[in-house]
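Let me begin by presenting the structure, written as structure tokens, before commenting on it.
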Amino acid sequence: MFRIIILLVLLAVSFTVVKLLRANWERRTDKAIKNKQKSDNILQCACCGIYIPEKKAVIHGDKIFCSLEHAKQHKK
Ligand SMILES: [Zn+2]
């Protein structure tokens with residue numbers, strides 16, 4: 001009888017560990033997906049209004065431009 005109780009406890013512990021690991025893994029993949037979405041953001045140029053991906057955007061102060069040229073134009 002004592003062996004069965006130990007076996008049950010071991011089973012419960014292993015189930016909990018698997019559950020925790022899975023939750024952790026899911027959270028990590030969720031974060032990775034969110035990061036990917038962030039890098040694919042589309043932003044609007046404050047000068048000409050064109051839409052550009054965040055990677056190509058020129059950020060000047062709190063404004064976003066499609067090129068350095070437009071960033072300079074907006075300064076004047
Ligand atoms: Zn522009």
Side-chain angles (χ1 to χ4, degrees):
M1 190 64 198
F2 192 64
R3 267 190 186 174
I4 291 166
I5 292 166
I6 289 175
L7 208 78
L8 280 174
V9 168
L10 275 174
L11 262 172
V13 168
S14 57
F15 265 120
T16 312
V17 168
V18 168
K19 225 181 187 180
L20 278 172
L21 281 175
R22 199 178 284 174
N24 210 343
W25 184 79
E26 272 171 12
R27 213 178 300 146
R28 225 178 282 165
T29 44
D30 225 47
K31 228 180 185 178
I33 289 165
K34 269 180 196 160
N35 274 347
K36 206 182 174 190
Q37 281 174 341
K38 204 177 177 185
S39 65
D40 287 343
N41 253 356
I42 300 296
L43 301 168
Q44 190 176 21
C45 175
C47 183
C48 63
I50 207 171
Y51 289 96
I52 21 109
E54 197 173 16
K55 280 180 225 161
K56 289 182 182 173
V58 178
I59 297 161
H60 196 82
D62 60 342
K63 286 194 170 68
I64 295 138
F65 301 95
C66 62
S67 60
L68 266 174
E69 222 171 282
H70 280 176
K72 279 178 196 164
Q73 269 183 38
H74 203 80
K75 238 182 178 178
K76 286 170 191 171

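Order of appearance sets the numbers: ligands from 1, and atoms from 1 within every ligand.
If you put the vertex on the Zn ion (ligand 1), SG of C48 and SG of C66 sit 110° apart, to the nearest 10°.
Under a hydrophobic-cluster definition in which Ile, Leu, Val, Met, Phe, Trp and Tyr are linked whenever side-chain heavy atoms come within less than 4.5 Å, directly or via other members, M1 and V9 are assigned to different clusters.
For a distance bound of 2.8 Å, the N, O or S atoms of C47 include none lying that close to the Zn ion (ligand 1).
The shortest heavy-atom contact between Q73 and C47 is OE1-SG, 3.9 Å. In plain terms, the two heavy atoms of I59 and G61 that are nearest each other are CG2-O, 3.7 Å. Summarising the geometry of C45 relative to C66, their closest heavy-atom pair is SG-N, 3.4 Å, with the distance given to 0.1 Å.
Sorting the N, O or S atoms of H70 by how far they are from the Zn ion (ligand 1) puts ND1 first.
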